[in-house]
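One structure is given here, and the rest of the page talks about it.
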Amino acid sequence: MPALPPPYISRKRLPFRELVGALLAHYGLQGWWPLREHAGTNPTATGRFTGYHPGDYRYPHTASQRFEIACGAILTQNTAWVNVERALENLASVGLLEARSLFSAQDPMLESAIRPSGYFRAKTRKLRLFAEFYLCLGDRVPTRDDLLMVWGIGPETADSIRLYAYAQLEMVVDAYTRRVLVREGYCEEPLDYDRVKRFCEAHVERTVPAYQEFHALMVEHGKRLARKPTSLSKNAR
DNA sequence: AACCAGGACGTGA
DNA sequence: TCACGTCATGGT
């Protein structure tokens, strides 16, 4: 056990599980991960973020969807999703949203396709290295440690790929999750990734759909908290 | 016109 | 270990 002060102070709050229930009631089922083929359907409460499939947890249906999800997870690193959508569209339109062609593509081709999502040189390298890893994988499901061995894939990206591309029971913690936990008074900074992950695991039903909905709700709610405290966050005590 | 967005890596202390 | 700089585009 790390010799650190306990980061999670129990205040007079809803039990965390009940906050999650309140968020679900408020925002509804999310149905992550967004896919291009669903673009334009199921707009969420925040508006223009589309591509979800609420209520259907059998994704990915195909290897193509799996690869698209993983690429999106890499491209969205510190980047607004709307920019990632453009990059994914560009990749698909030139036939590069597929492991073999992406791996074989020339740098300038990849770079120009993903430029809208930023960090285009670093992400070109990351996508290519992931494509290589993905091809070597065959039909096997990568462990978290497998993914962390790949340059460009850190804890959150690895967990996102595990939970959404491979439908494995893996809790995803992102900036929005941390923001919600802090702003709603369930923990204090500094928020170490693995400790937040364990906190969430302790409070969420241990099923893949529950993990997916939980993470998606954290993002949806976190986006609101970015602007100003919402009525929900004020009422939720 | 700053500031931020669904991080990860390299570096020096 | 850990704090900090770097990577880059597009929206608000």
Side-chain angles (χ1 to χ4, degrees), chain A residues 1-5 7 23 27 30-36 38-39 43-52 59 68-91 107-108 110-130 133 144-165 170-183 189-197 200 211-228:
Chain A
M1 289 277 93
L4 293 168
L23 294 178
Y27 295 114
Q30 299 299 300
W32 274 40
W33 184 277
L35 288 165
R36 291 182 307 119
H38 298 308
T44 65
T46 39
R48 62 182 203 283
F49 286 81
T50 58
Y52 304 106
Y59 287 84
E68 175 183 329
I69 293 169
C71 288
I74 291 168
L75 291 173
T76 199
Q77 290 173 1
N78 200 38
T79 300
W81 181 255
V82 60
N83 292 339
V84 177
E85 289 180 320
R86 292 200 184 93
L88 290 173
E89 251 348 288
N90 291 344
L91 284 173
D107 274 358
L110 268 178
E111 290 177 353
S112 65
I114 69 172
R115 179 165 289 113
S117 66
Y119 309 109
F120 60 89
R121 291 185 206 87
K123 284 176 177 174
T124 287
R125 185 180 174 201
K126 292 179 183 183
L127 286 182
R128 191 189 310 287
L129 289 174
F130 174 74
F133 168 83
R144 187 172 196 262
D145 286 338
D146 288 339
L147 288 162
L148 290 175
M149 295 286 293
V150 181
W151 186 90
I153 297 182
E156 183 191 331
T157 307
D159 291 341
S160 291
I161 291 173
R162 287 263 299 164
L163 180 63
Y164 294 107
E170 198 78 67
M171 180 62 66
V172 178
V173 173
D174 60 23
Y176 287 136
T177 309
R178 286 189 286 274
R179 180 184 301 161
V180 170
L181 292 180
V182 170
R183 300 274 275 274
E189 295 172 303
L191 275 59
D192 172 81
Y193 187 95
D194 293 317
R195 296 168 81 197
V196 175
K197 177 166 174 162
C200 295
Y211 276 28
Q212 293 181 343
E213 285 296 331
F214 170 77
H215 171 236
L217 285 169
M218 290 297 107
V219 175
E220 191 64 25
H221 189 49
K223 284 173 180 168
R224 306 301 184 81
L225 297 182
R227 297 163 187 177
K228 58 188 65 173

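Residue numbers start from 1 in every chain, and the chains themselves are labelled A, B, ... in the order their sequence lines are given, proteins ahead of strands.
Within the 3.5 Å criterion, the main-chain N or O of Met218(A) finds no donor-acceptor partner in the side chain of Thr177(A). A donor-acceptor pair under 3.5 Å is absent between the side-chain atoms of Gln30(A) and the main chain of Tyr52(A), judged by distance alone. Using a distance-only test at 3.5 Å, with no hydrogens or angles considered, a donor-acceptor pair links the side chain of Tyr193(A) to the main chain of Val173(A).
Counting only heavy atoms from C-beta on, Arg86(A) has its side chain closest to dG11(C) among dA5(B), dG11(C), dT9(C). Of the listed nucleotides (dG10(C), dG10(B), dA8(B)), dA8(B) has the atom at the smallest distance from the side chain of Gln77(A). When the nucleotides dC9(B), dA8(C), dA8(B) are ranked by their closest atom to the side chain of Trp151(A), dC9(B) comes out on top.
Closest-nucleotide positions on DNA chain B for Arg125(A) and Asn78(A) were compared, and the one nearer the 5' end corresponds to Asn78(A). Residue whose closest nucleotide on DNA chain B sits further toward the 5' end, between Val150(A) and Ala73(A): Ala73(A).
Annotation: dG10(B) and dA8(C) have their P atoms spaced 14 Å apart (nearest Å). As rounded to the nearest Å, dA1(B) and dC7(C) have P atoms that lie 23 Å from one another.
Residue Gly154(A) is classed as a sugar-phosphate contact, given heavy-atom separations below 4.0 Å to backbone atoms only. Across all strands, Tyr119(A) comes closer than 4.0 Å to base atoms (heavy-atom distances). Contact annotation for Thr157(A): backbone-only contact, meaning every heavy-atom pair under 4.0 Å involves sugar-phosphate atoms and none involves a base. Residue Ile153(A) is classed as a sugar-phosphate contact, given heavy-atom separations below 4.0 Å to backbone atoms only.
Atoms CZ (Phe120(A)) and P (dG10(C)) sit 10 Å apart, rounded to a whole Å. A straight line from CD of Glu85(A) to C1' of dA5(B) spans 13 Å, rounded to a whole angstrom. dC4(B) atom P lies 16 Å from atom CG of Asn83(A), rounded to whole Å. Look at OH on Tyr193(A): it is 7 Å from P on dA8(B), rounded to the nearest Å. At whole-Å resolution of the value, CG in Asp174(A) and P in dA8(B) are 10 Å apart. Atom CZ in Arg179(A) sits roughly 10 Å away from atom P in dC4(B) (whole-Å rounding). Between the CG atom of Leu88(A) and the P atom of dT9(C) there is a distance of 17 Å, given to the nearest Å. Atom-to-atom, CG of Leu148(A) to C1' of dG7(B) comes out at 13 Å; the value is rounded to the nearest Å.
At dT9(C), none of the side-chain N or O atoms of Arg121(A) fall inside 4.0 Å of OP1 or OP2 (strictly under the cut-off). OP1 or OP2 of dG11(C) has not a single side-chain nitrogen or oxygen of Trp81(A) nearer than 4.0 Å.
Ring geometry for Trp32(A) against His215(A) counts as perpendicular: the plane angle is over 60°, on a 0 to 90° scale with 30° as the lower cut.
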**Q.** Steps toward side-chain contact (heavy atoms from CB on, under 4.5 Å) verdict (Tyr211(A), Phe214(A))
**A.** CA-CA 5 Å; Tyr211(A) 276 28; Phe214(A) 170 77; 5.7 Å; no
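Here Glu170(A) pairs with Lys197(A) in a salt bridge; the nearest charged N to carboxylate O distance falls below 4.0 Å.
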